[in-house]
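The chains referred to below are lettered A, B, ... by the order of the sequence lines, with proteins before strands, and numbering in each begins at 1.
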There are 2 protein chains.
Amino acid sequence: MKAEKTEPRQSTAQRIEQALIEEISAGEVSPGQRLDEVSLATRFGASRTPVREALSRLTAQGVLVQGERRGVFVAEYSRKELSQIFEAMHEIEACCARIAAQRLNLLSRSEIEAAQADCVAAAEAGDHVGYLRANEAFHSAIYRATGNPYMAEIASEFHRRTGPFRAKKFGSRKDLIASAESHQALIRDIFSEDSATASKGMRSHMTASFMQALKAN
Amino acid sequence: MKAEKTEPRQSTAQRIEQALIEEISAGEVSPGQRLDEVSLATRFGASRTPVREALSRLTAQGVLVQGERRGVFVAEYSRKELSQIFEAMHEIEACCARIAAQRLNLLSRSEIEAAQADCVAAAEAGDHVGYLRANEAFHSAIYRATGNPYMAEIASEFHRRTGPFRAKKFGSRKDLIASAESHQALIRDIFSEDSATASKGMRSHMTASFMQALKAN
DNA sequence: ACTTTCTAAACTGTATACAAAATACTTTCT
DNA sequence: AGAAAGTATTTTGTATACAGTTTAGAAAGT
């Protein structure tokens, strides 16, 4: 493999943004919790400036919300709001599954299968954090299979935004295993290369996901 | 109507962000053009700090793109990329039309009709900028009719992102009038309250929109 | 004890200075 | 003339200071 161009060094602000995204997605910061510029600056060994930039970018992406007069908070949604988000996500994911089913190729199939193998491994090991990452990668592989980076980006954003709520349904090793198993049915539907089957399969998956997240929250 | 809570005063960074969004959406800044912190700071009578914040937020929203090593640019898409964006937008808009058709109520109908009246007025007057605003408001009214702010937000983002490319198809008064007329068919389909009709109508509208944008770019 | 007013502390947004990195331009060498 | 090295300029990211706004807590008044 040819070496890639030299990657620009990640700025402090980017580093902070990434770290916060991961924590929030993993549900490590509770909904409604306020993020404090000054203590984050201390924690990351930086000044307020890059912290402010990271927080501002995350509000622009809807990952965080700005208080009315002050403060930046991890978004906290009512049951109604949560169902609206899942509805939107549900529609996007169904579109992705439909398009992916139409566009499967050797690479995308392999990527989905490899990602699923990682999910299974993490679930068997009872590795909660590892499973969250592997689950993320699994869904990303489906998004990539659409061959449309913009669809993939939208879907990823929703996946990230619902991360904190979905993370709570993975309480035990048994939950992880059940989740990994549900992926198998989904893969079968997508690999059928039939749009309607894929779309329907994803809708079922998302409905189950939502129900479980409701129960756990 | 009861007075709303006092709105927080808009920061300089927010002001700059809004102004840039409008200009970019209206196609006033060419794709590929670099935005320069220093001259923007001069132009807005501010320091680099709020300019950087605005630019950073706009890159986080995908409205602008970061150069590999330096610079922030108005996104420039290849024909292939443009078709991918429109494809994603097409899917989102069709979902919105479908959901809106299922959820119409007196308020949403009125809003759509009022927005269309504004489109017609702007088109008849040959008011290019006014038409862009009215067109934006028309689509926003449809998104709002979904009753799902998250669907609406995604759709609005795509609408905004494709603004520069779509703006170019509104070259003459005749183009504005044709666009406003195409809205009528779309309204009829959505107001049919039939999901499939609404979805199909929106797909037609988006296909025509894309073809026209291709021709004009 | 409760309410109002005042004060101090915390938070927010911005300007400015500084240093490092990237790029453009000029000079020197082959 | 073309390439390499050196220099100057521009751009980027960050730290810090400052001023304005908001909030919390203390003091005074009823």
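Ring pair H128(A)/F170(A) is perpendicular by interplanar angle, where above 60° counts as perpendicular and below 30° as parallel. Ring geometry for H183(B) against F138(B) counts as parallel: the plane angle stays under 30°, on a 0 to 90° scale with 60° as the upper cut.
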Can you give me the N/O atom pairs linking the protein to nucleotides 6-11 of chain D at distances under 3.5 Å, or say none if there are none?
{"from": "dT11(D)", "atom 1": "O4'", "to": "R70(B)", "atom 2": "NH2", "distance (Å)": "3.2"}

Please produce a list of atom pairs where a protein N or O lies less than 3.5 Å from an N or O of nucleotides 14-18 of chain D.
{"from": "dT14(D)", "atom 1": "OP1", "to": "T12(A)", "atom 2": "N", "distance (Å)": "2.5"}
{"from": "dT14(D)", "atom 1": "OP1", "to": "T12(A)", "atom 2": "OG1", "distance (Å)": "2.8"}
{"from": "dT14(D)", "atom 1": "OP1", "to": "A13(A)", "atom 2": "N", "distance (Å)": "3.4"}
{"from": "dA15(D)", "atom 1": "OP1", "to": "S47(A)", "atom 2": "N", "distance (Å)": "3.3"}
{"from": "dA15(D)", "atom 1": "OP2", "to": "S47(A)", "atom 2": "N", "distance (Å)": "2.6"}
{"from": "dA15(D)", "atom 1": "OP2", "to": "S47(A)", "atom 2": "OG", "distance (Å)": "2.1"}
{"from": "dA15(D)", "atom 1": "O5'", "to": "S47(A)", "atom 2": "OG", "distance (Å)": "3.3"}
{"from": "dA15(D)", "atom 1": "N7", "to": "T49(A)", "atom 2": "OG1", "distance (Å)": "2.8"}
{"from": "dT16(D)", "atom 1": "O4", "to": "T49(A)", "atom 2": "OG1", "distance (Å)": "3.4"}

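Every residue was checked against the salt bridge (Lys or Arg N to Asp or Glu O under 4.0 Å) condition with E93(B), not counting sequence neighbours, and none meets it. For the salt bridge (Lys or Arg N to Asp or Glu O under 4.0 Å) test, residues two or more places apart in sequence or in another chain that qualify with E22(A) are R133(A).
Between the CD atom of E68(A) and the P atom of dT12(C) there is a distance of 14 Å, given to the nearest Å. R69(A) places its CZ atom 19 Å from the P atom of dG20(D), with the value rounded to the nearest Å. With rounding to whole Å, F44(A) atom CZ is found 17 Å from dG13(D) atom C1'. One interatomic measurement links the two molecules: CD of E17(A) to C1' of dG13(D), which rounds to 15 Å at whole-angstrom precision.
Looking only at atom types and distance, the side chain of S156(B) has no donor-acceptor partner in the side chain of Y143(B) under 3.5 Å away.
Within the structure, every pair that satisfies the salt bridge (charged side-chain N to carboxylate O under 4.0 Å, His left out) test and touches residues 10-20 of chain B, not counting sequence neighbours, is listed here: E17(B)-R57(B). Listed by first and then second residue, the ring pair (Phe, Tyr, Trp, His ring centres under 6.0 Å) pairs that reach into residues 82-106 of chain B are F86(B)-F210(B), sequence neighbours excluded.
You'll find the ring centres of F165(A) and Y77(A) inside the 6.0 Å limit.
The pairing partner recorded for dA19(C) is dT12(D), the criterion being a Watson-Crick or G-U wobble arrangement whose two distances lie under 3.5 angstrom. Across every strand in view, dT7(D) sits in a pair with dA24(C) that passes the Watson-Crick or G-U test at under 3.5 angstrom.
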